[in-house]
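Taking it in order: structure first as structure tokens, then the write-up.
Just follow the structure's listing: the first ligand is 1, and inside any ligand the first atom is 1.
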Amino acid sequence: MAGGPGSGKGTQCEKVVAKYGYTHLSSGDLLRAEVASGSERGKTLQAIMQKGELVPLDTVLDMIKDAMIAKAGVSKGFLIDGYPREVKQGEEFEKKIGAPCLLLYIDAKGETMVKRLMKRGETSGRADDNEETIKKRLDLYYKATEPVITFYTSRGIVRKIDSELPVDEVFGHVAKAIDDLK
Ligand SMILES: Nc1ncnc2c1ncn2[C@H]1C[C@H](O)[C@@H](COP(=O)(O)OP(=O)(O)O)O1
Ligand SMILES: [Mg+2]
């Protein structure tokens, strides 16, 4: 699942997991868990994330891979949230893990994403939900992550979902895209 910060990926992933039972892997959540563990690696990651930058490619990929291996025998499928953030990450993912069968592109306007993140920042406790970091994350999204969508569009696996709609309507379109796979 791809989309800008605050587009609604986490919200939709939760609903997909509830309905389809897929294993949800959020690269952001994996990284935040590493930060919360207080490890040395976590401290380095925190500094990068606070600046709104991307953490080194191999770090994220290794964390995703470890999490996938841990669930490989029991999972009904994997739903990856917020990865790849740049085309290079997508290429590495395919080399080390495999090709995705569907890319759900959760699309909201820049101003909508900013509004949602500012609101989320009131309660999320996330160090990157502040005005300055939000702006950087959005710039980075448009620069680095939108090309990912172009890359997978050429593969014919992208389904673009309008995320300006209410949550349940967005999910209706997400579910349709998944059901169309079957
Ligand atoms: N379709 C929608 N309409 C209104 N608010 C939404 C929405 N989808 C998500 N939100 C809210 C929930 C969160 O407070 C905030 C960001 O959503 P999120 O799921 O955490 O985004 P992401 O994981 O893409 O950063 O916006
Ligand atoms: Mg999220």
Side-chain angles (χ1 to χ4, degrees), residues 1-20 22-37 42 45-46 48-55 57 59-61 63-64 67-68 77-86 89-90 93 100 102-150 152 158-178:
M1 181 154 336
S7 59
K9 300 179 299 295
T11 305
Q12 294 301 320
C13 281
E14 205 173 292
K15 295 174 98 52
V16 170
V17 170
K19 177 161 184 183
Y20 297 94
Y22 297 148
T23 307
H24 176 207
L25 299 176
S26 156
S27 54
D29 288 350
L30 289 170
L31 293 165
R32 283 185 288 276
E34 184 75 35
V35 170
S37 79
L45 292 172
Q46 183 169 34
I48 298 170
M49 288 160 78
Q50 207 143 14
K51 286 189 270 182
E53 294 170 3
L54 294 177
V55 307
L57 187 146
T59 311
V60 199
L61 191 53
M63 291 171 86
I64 291 176
M68 288 179 87
F78 289 97
L79 173 66
I80 299 176
D81 168 7
Y83 188 94
R85 284 285 222 274
E86 51 184 357
Q89 289 185 351
F93 183 91
L102 172 67
L103 184 111
L104 290 159
Y105 167 29
I106 308 297
D107 182 38
K109 287 188 286 203
E111 58 185 279
T112 305
M113 296 194 268
V114 172
K115 241 185 260 167
R116 288 179 185 172
L117 289 173
M118 291 299 290
K119 183 107 193 56
R120 186 175 80 181
E122 291 169 13
T123 53
S124 69
R126 276 179 54 166
D128 57 355
D129 280 348
N130 63 73
E131 200 163 358
E132 197 192 328
T133 312
I134 289 170
K135 196 180 167 302
K136 286 192 193 149
R137 288 158 69 203
L138 266 187
D139 286 349
L140 186 60
Y141 168 70
Y142 288 121
K143 203 168 70 172
T145 311
E146 275 202 341
V148 172
I149 293 158
T150 310
Y152 284 109
V158 173
R159 290 285 293 261
K160 182 174 173 177
I161 313 280
D162 180 4
S163 184
E164 293 288 330
L165 301 168
V167 170
D168 288 333
E169 282 180 48
V170 177
F171 184 64
H173 294 291
V174 166
K176 172 92 177 40
I178 294 174

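- Looking only at protein heavy atoms, the nearest one to atom 9 (C) of ligand 1 is Thr11 OG1, 3.4 Å.
- At a threshold of 4.0 Å, the pair Glu132-Lys135 does not count as salt-bridged, since none of the basic side-chain nitrogens sits closer than that to a carboxylate oxygen.
- Closest heavy-atom approach to atom 23 (O) of ligand 1 within the set Pro166, Gly121, Gly6, Gly10: this belongs to Gly10.
- When atom types are taken as modelled, the side chain of Ser163 and the backbone of Gly8 share no donor-acceptor pair closer than 3.5 angstrom.
- Residue, atom and distance of the protein heavy atom nearest to atom 21 (O) of ligand 1 are Gly8 N, 3.2 Å.
- Contact analysis puts Ser163 in contact with ligand 1, with a non-hydrogen atom separation below 4.0 angstrom.
- Remark: side-chain polar atoms of Lys9 are paired, donor with acceptor, to backbone N or O of Gly4 under 3.5 angstrom.
- Comparing Lys9, Glu164, Met113, Glu14 by heavy-atom distance to atom 24 (O) of ligand 1, the nearest is Lys9.
- Atom OG1 of Thr133 sits about 11.5 Å away from atom CG of Leu138, to the nearest 0.5 Å.
- Scanning the protein for heavy atoms near atom 14 (O) of ligand 1, the closest one is Arg120 CB, 3.7 Å.
- Of the charged side-chain nitrogens involved, at least one lies within less than 4.0 Å of a carboxylate oxygen, so that Arg32 and Asp29 count as a salt-bridged pair.
- Looking only at heavy atoms of the protein, atom 5 (N) of ligand 1 is closest to Arg116 NE, 3.5 Å.
- Within the model, atoms CD of Glu34 and CE of Met49 stand 10.5 Å from one another, a figure rounded to the nearest 0.5 Å.
- In this structure, Ser124 does not count as a contact residue of ligand 1, since none of its heavy atoms falls inside 4.0 Å of the ligand.
- Between Arg137 and Asp129 a salt bridge is recorded (basic side-chain N to carboxylate O distance below 4.0 Å).
- Of the listed residues (Leu165, Asp29, Asp168), the one carrying the non-hydrogen atom nearest atom 1 (N) of ligand 1 is Leu165.
- Taking every heavy atom of Gly4 and a limit of under 4.0 angstrom, the matching atoms of ligand 1 come to 24 (O).
- Considering backbone and side-chain atoms together, Asp81 places no N or O closer than 3.5 Å to any N or O of ligand 1.
- Salt bridge annotation for Asp168-Lys15: present, with a cationic side-chain nitrogen under 4.0 angstrom from a carboxylate oxygen.
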